[in-house]
Amino acid sequence: MIRPRRRTSASIAVVAVAALAWSAQPASAAQIGTVAGSTAAAQLKKGMTSSMTPSAARSALGGLTVKAAGSMTGYSRDLFPHWRDASTWGWPVAPNDACNARNAALYRDGQNVTMSSTCTNLAGTWIDPYSANKFNAASDIDIDHIVPLANAWRSGAAGWSTTRKTQYANDPLVLVSSWDSLNQAKGDKGPEAWKPPLTASHCLYATRWTFTKQKYGLSVTSAEKSALTNMLGPC
């Protein structure tokens with residue numbers, strides 16, 4: 001009979017050190033560092049016009065209808081056709097006319113982005129505006145609807161036509177490239193329940209949220225308006 005080899009105390013120590021080193025690895029192997037908070041926050045300007053300033057957002061916020069959130073009855077993400085042809089829904093044709101809205105957002109928001117002739121296999125680097133983390137794999141990036149589809153539904157979009165829902169789901173103003181972990185943590189929450197962990201982004205996050213609601217005639221709840229007012233206050 002072959003007896004199993006007994007581990008020495010030295011070998012046990014090596015295994016323990018290796019396990020500790022593994023547990024200390026970053027959550028995402030594609031994260032390559034961080035950037036200054038102001039640099040990350042500036043990502044939120046991509047997709048906004050120069051007139052969409054925080055001071056203008058404060059004024060726009062005052063004009064939004066305040067009402068309780070509507071029912072989620074009948075809601076489905078599938079009712080908002082998304083990742084459709086980018087140039088049809090407000091994106092520039094460049095870099096080519098084969099992009100869907102998701103890949104057009106990745107191209108716009110990334111740095112040194114390359115892709116195939118069919119606008120797939122994107123490579124480059126991306127800065128998450130919600131955390132200031134930097135990534136070098138598109139697989140770590142989600143495309144966030146800054147006002148989530150479910151939030152839009154319960155604040156007015158339930159009655160829209162399919163064309164209007166499609167416009168919203170693919171609009172350059174609405175879409176933001178963000179770290180998938182934080183996009184999932186955000187879910188369909190409004191700013192009263194979720195804010196970017198990066199405080200430096202609060203001003204532009206609230207600005208973009210407000211102008212999205214204004215553009216599409218969506219209402220805000222009183223708690224949502226209060227949160228947006230607080231976020232825009234220091235700007």
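Counting from 1, the numbers follow the sequence of the chain as shown. Just so we're clear, the structure is a prediction, and the values are computed from it rather than from any experiment.
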Does the side chain of [X] come under 3.5 Å of the side chain of [Y] through a donor N or O and an acceptor N or O?
X	Y	answer
S161	T163	no
T114	N112	no
K225	N230	no

Euclidean distance, [Y] [atom2] relative to [X] [atom1], rounded to 0.5 Å:
X	Y	atom1	atom2	value
D97	D85	CG	CG	7.5 Å
K134	I127	NZ	CD1	5.5 Å
Q167	T162	CD	OG1	13.0 Å
L44	I146	CG	CD1	5.5 Å
T120	L106	OG1	CG	12.0 Å
T212	L173	OG1	CG	3.5 Å

After noting the C-alpha distance and the side-chain angles of W126 and Q43, does the key distance pass the side-chain hydrogen bond (donor to acceptor under 3.5 Å, both in side chains) rule?
-> CA-CA 10 Å; W126 288 269; Q43 288 288 109; over 6 Å; no

With S177 as partner, the option from D109, N183, D142, D144 fulfilling side chain to side chain donor-acceptor pair (under 3.5 Å) is D109

Counting only N and O atoms by type, is there a donor-acceptor contact under 3.5 Å from the side chain of [X] to the main-chain atoms of [Y]?
X	Y	answer
T39	V35	no
S226	S222	no
N170	R84	yes
K213	S219	yes
R164	G159	no
H202	P196	yes

Quick one: does [X]'s side chain get under 4.5 Å of [Y]'s, heavy atoms only?
X	Y	value
L218	W153	no
W209	P191	yes
S131	L182	yes
K195	M231	yes
F135	T125	no
Q214	L61	no
N103	W83	no

Same cluster (ILVMFWY, side-chain, under 4.5 Å), [X] and [Y]:
X	Y	result
W194	L198	no
V66	V147	yes
Y216	V176	yes

Return the minimal non-hydrogen interatomic distance between [X] and [Y], and the atom names on each side.
X	Y	result
P148	G187	CG-O, 3.5 Å
M72	A150	CE-CB, 3.6 Å
S201	A40	OG-C, 4.4 Å
S178	P129	CA-CD, 4.3 Å
S139	D180	O-OD2, 3.6 Å
A69	T221	N-CG2, 3.8 Å

Could you check T207 against T53 for side chain to side chain contact (heavy atoms under 4.5 Å, CB included), going step by step and ending with a plain yes or no?
-> CA-CA 7 Å; T207 297; T53 63; over 6 Å; no

Using the side chain to side chain contact (heavy atoms under 4.5 Å, CB included) rule, take K165 and L149 through it: C-alpha gap first, then chi angles, then the decisive distance, then the call.
-> CA-CA 9 Å; K165 292 187 181 82; L149 300 180; over 6 Å; no

For W89, the rest of its hydrophobic cluster, which grows through side-chain links under 4.5 angstrom = none

Describe, in one word, how the ring planes of H82 and H145 are oriented to each other, choosing from parallel (under 30°), tilted (30 to 60°) and perpendicular (over 60°).
->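 H82 and H145: perpendicular rings.
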
Parallel, tilted or perpendicular: rings of Y75 and F80 (30°, 60°) =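 Judged by the thresholds at 30° and 60°, the geometry between F80 and Y75 is tilted.
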
Residues L175, W91; criterion side chain to side chain contact (heavy atoms under 4.5 Å, CB included); working and verdict = CA-CA 11 Å; L175 303 186; W91 296 82; 3.8 Å; yes

Give a yes or no on this: more than 12 heavy atoms of other residues, nucleotides or ligands lie within 6.0 Å of atom NZ of K189.
->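 Counting other residues, nucleotides and ligands, NZ of K189 exceeds 12 neighbours.
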
Under the side chain to side chain contact (heavy atoms under 4.5 Å, CB included) criterion, do N96 and M115 qualify, and how do the steps go?
-> CA-CA 10 Å; N96 65 50; M115 64 181 68; 3.8 Å; yes

Taking the six-membered ring for Trp and the full ring for Phe, Tyr or His, determine whether the centres of W179 and Y130 are under 6.0 Å apart.
-> no

Residue list, salt bridge (charged side-chain N to carboxylate O under 4.0 Å, His left out) with K215, at least two apart or on another chain =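 Residues passing salt bridge (charged side-chain N to carboxylate O under 4.0 Å, His left out) with K215: D171.
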
